[in-house]
Amino acid sequence: MTQITTKNPATGEDIKSYDVMSESEAVDRLEASHTAFLEWRKLSHKDRAPYLEKIAQKLRDNADELAALMTKETGKLLKDGHTEVEICAAIFEYTAKNGPDMLADEERTHGGGKKGVVTYQPIGVIYSIQPWNFPLYQPVRVLAANLMVGNGCVLKHASICTGSGLRLRELCVEAGLPEDLFQVVVIDHDTSDKLIEHPKVRGVTMTGSDSAGRHIGSVAAKSLKKTVLELGSNDAYLVLEDADIETAVKFSVMGRLYNNGETCVSAKRFIVTDKVYDAFVDAFVDQMKAIKMGDPTDENTQLGPLSSEDQFNTVKEQVEESVSRGASILCGGDVPDRTGAYYPATVLADLKEGMPAFDDEIFGPVASIIRARDDDHAMQLANDSRYGLGGGIFCKDEDHALKLAREHFDTGMVRINSFGAADPNMPFGGVKNSGYGREHGGFGMKEFVNAKAVYLP
């Protein structure tokens, strides 16, 4: 029987081995979720809400254990793991509180004044394919919304955080969720494609690379399954001519290094106008040089290891290729002689089209500095990307920044003079090669529903 083994990226040590399920075992889990859905759908939204509240409390009660497990499996800072648990609990609570009203029937009229009703009804089992960078948050943002709607959920998690996915399900069951409603499958890619095609899967949601999104989206499309795809980005943060440099540097360092630089919606390209270029770059490089890299369980550590040896090699190769094409290293770039998948805080400059640091997403603590002539040129460079998930603007003139964000920034999310990853009350998602569909803010609860029109006489 095939097995996968999770490894601690900080030490290289094996954590645990898991048997990979056969196609028939995975289908059994899917069909069990569908059977549980047939009962779950009978509950009202208000009756479902207490289940979500109990799951939130169960996560908080086990926060220390969950944070430690995520750190062990992916190398994220232990303190970031605690933050992640709290975000997940907040998502469940937000959904429990707001879901019943957001999903309530809507009265409308038709045919010159006759009564009509729009009702948001569940559709079945949603198949959730999730990455490793936020082992709890990624599946939770799908799970909470779809449990409130009345759907079942089957999770295929990234193999390196298999333990986190299985523990999340255990805690949901301990909190009182019907045992079969939320299932976790440990499967390979071929079996995953078979699940997408299975008639009892009614929708597919996935977070990952744009290449993986193309494959999964095409498999789902052949079976006429709706998809929601969040496919990463190389988010641009603009440092405009009137930016407050101290603010810009503070949030740029935070935005590039959050979660060890392994965040889809984070600051990656820093597009800096000529007027403030030297001041920003000097201060930014000084702060990046001072970052303390080390044991992710140490509260004084600011940067832990990358999630795996494979991810380390990918980041290393992207930097080396960029340098071979003419990029300059302003700090970092030297791999430390130590055990673990550690890559230092790195700043690259003199970038141009054709370099990975200019065109692609570097999923690690590597910042790309791009010089712009002025504000208009900065906005042009930001949008000159195949991606469009998030972005940021540093600018003292908030009205100007808001106008740029609203009318010109071709992304799903924009931060002004700040940095943050996600909020339960704001929509999350992108455009272009960053995917389509939205989660959070109530939008995720209406992605996989039957918005049914009922005409009364």
Side-chain angles (χ1 to χ4, degrees), residues 1-8 14-40 55 66 69-70 72-74 124-143 146-147 151-175 177-209 212-213 215-220 222-223 225 227-229 307-308 310 448:
M1 180 176 285
T2 305
Q3 287 191 322
I4 58 171
T5 300
T6 53
K7 291 180 178 291
N8 185 331
D14 291 352
I15 302 171
K16 190 172 181 179
S17 294
Y18 302 88
D19 293 335
V20 176
M21 297 175 183
S22 66
E23 182 182 336
S24 63
E25 288 175 305
V27 169
D28 285 346
R29 301 292 178 95
L30 165 59
E31 292 180 343
S33 179
H34 176 77
T35 300
F37 150 75
L38 295 176
E39 293 301 313
W40 181 251
I55 294 171
L66 290 168
L69 177 58
M70 289 190 287
K72 190 178 292 186
E73 288 190 322
T74 69
V125 176
I126 307 306
Y127 182 40
S128 175
I129 304 169
Q130 299 302 330
W132 43 259
N133 55 329
F134 291 96
L136 278 187
Y137 164 73
Q138 298 284 8
V140 159
R141 72 184 190 196
V142 174
L143 180 63
N146 283 287
L147 290 179
N151 292 329
C153 187
V154 172
L155 167 67
K156 177 195 180 298
H157 218 334
S159 59
I160 69 172
C161 57
T162 298
S164 295
L166 293 170
R167 187 62 181 136
L168 172 61
R169 180 182 176 273
E170 289 175 353
L171 292 174
C172 288
V173 173
E174 289 177 21
L177 192 71
E179 186 166 357
D180 290 328
L181 189 62
F182 171 40
Q183 293 284 355
V184 177
V185 291
V186 182
I187 55 177
D188 60 23
H189 294 305
D190 290 340
T191 302
S192 180
D193 285 354
K194 296 291 186 182
L195 288 192
I196 293 172
E197 296 166 348
H198 196 284
K200 284 189 170 64
V201 165
R202 294 292 300 274
V204 181
T205 181
M206 173 263 187
T207 298
S209 68
H215 173 76
I216 288 165
S218 66
V219 174
K222 288 176 184 175
S223 298
K225 307 286 178 72
T227 50
V228 169
L229 302 176
S307 61
S308 66
D310 285 345
F448 294 108

Check A32 against Q183 and note the closest heavy-atom contact, atom names and distance. CB-NE2, 3.9 Å
Kindly indicate whether the side chain of I15, heavy atoms from C-beta on, has any atom under 4.5 Å from the side chain of L69. no
Are a donor atom and an acceptor atom from the side chains of Y127 and S192 found within less than 3.5 Å of each other? yes
When you compare the side chain of V186 with that of I4, does any pair of heavy atoms fall below 4.5 Å? yes
Give the minimum heavy-atom separation between E73 and G163, together with the two atoms involved. OE2-N, 2.9 Å
What pair of heavy atoms forms the shortest contact from I160 to T6, and how long is it? O-CG2, 3.5 Å
From the list T35, L195, V154, side-chain contact (heavy atoms from CB on, under 4.5 Å) with V125 holds only for V154
With rounding to the nearest 0.5 angstrom, report the CD to CG distance, E31 to D180. 11.5 Å
Is it true that E174 and R167 have a side-chain N and a carboxylate O under 4.0 angstrom from each other? yes
Side chain of E25, backbone of S22: donor and acceptor closer than 3.5 Å? yes
Worked verdict on Q138 versus M206 for side chain to side chain contact (heavy atoms under 4.5 Å, CB included): CA-CA 9 Å; Q138 298 284 8; M206 173 263 187; over 6 Å; no
Looking only at non-hydrogen atoms, find the nearest pair between F182 and C172 and report the distance. CD2-SG, 4.1 Å
Aromatic plane relationship, F134 with Y137 - under 30° parallel, 30 to 60° tilted, over 60° perpendicular: perpendicular
Can T191 and M21 be said to form a side chain to side chain contact (heavy atoms under 4.5 Å, CB included), step by step? CA-CA 9 Å; T191 302; M21 297 175 183; over 6 Å; no
Side-chain contact, heavy-atom cut-off 4.5 Å: P139 with L168? yes
Side chain proximity check, Q130 to T205, heavy atoms < 4.5 angstrom: yes
Could you verify whether a donor N or O on one side chain and an acceptor N or O on the other, from D193 and H215, lie under 3.5 Å apart? yes
Side-chain donor/acceptor of S17 to backbone N/O of Q3, under 3.5 Å: no
Between K194 and D190, is a side chain to side chain contact (heavy atoms under 4.5 Å, CB included) present by the stated rule, with each step listed? CA-CA 7 Å; K194 296 291 186 182; D190 290 340; 5.9 Å; no
Quick check: do V204 and I126 have side-chain heavy atoms less than 4.5 Å from each other? no
Heavy atoms of P131 and C161 approach each other most closely as O-SG, 4.3 Å
When you compare the side chain of L147 with that of L181, does any pair of heavy atoms fall below 4.5 Å? yes
Could you grab the distance from atom CG of N151 to atom CZ of R202, nearest 0.5 Å is fine? 9.0 Å
Is there a donor-acceptor pair under 3.5 Å between the side chain of K225 and the backbone N or O of H198? yes
Y18 and L166: side chain to side chain contact (heavy atoms under 4.5 Å, CB included), yes or no, with the steps? CA-CA 11 Å; Y18 302 88; L166 293 170; 3.7 Å; yes
Is it the case that the side chain of R141 and the backbone of L136 share a donor-acceptor pair, with hydrogens and angles ignored and the cut-off at 3.5 Å? no
Tell me whether R29 at atom CZ has more than 12 heavy atoms from other residues, nucleotides or ligands lying less than 6.0 Å away. no
Is a side-chain donor or acceptor of S223 paired with a backbone partner of A220 at a separation under 3.5 angstrom? no
Heavy atoms only: give me the nearest W40-L177 pair and the separation to one decimal. CH2-CD1, 4.0 Å
Count the heavy atoms belonging to other residues, nucleotides or ligands that lie under 6.0 Å from NZ of K72, then report whether that count exceeds 12. no
Do L143 and S128 make a side-chain contact, defined as non-hydrogen atoms from C-beta onward lying under 4.5 Å apart? no
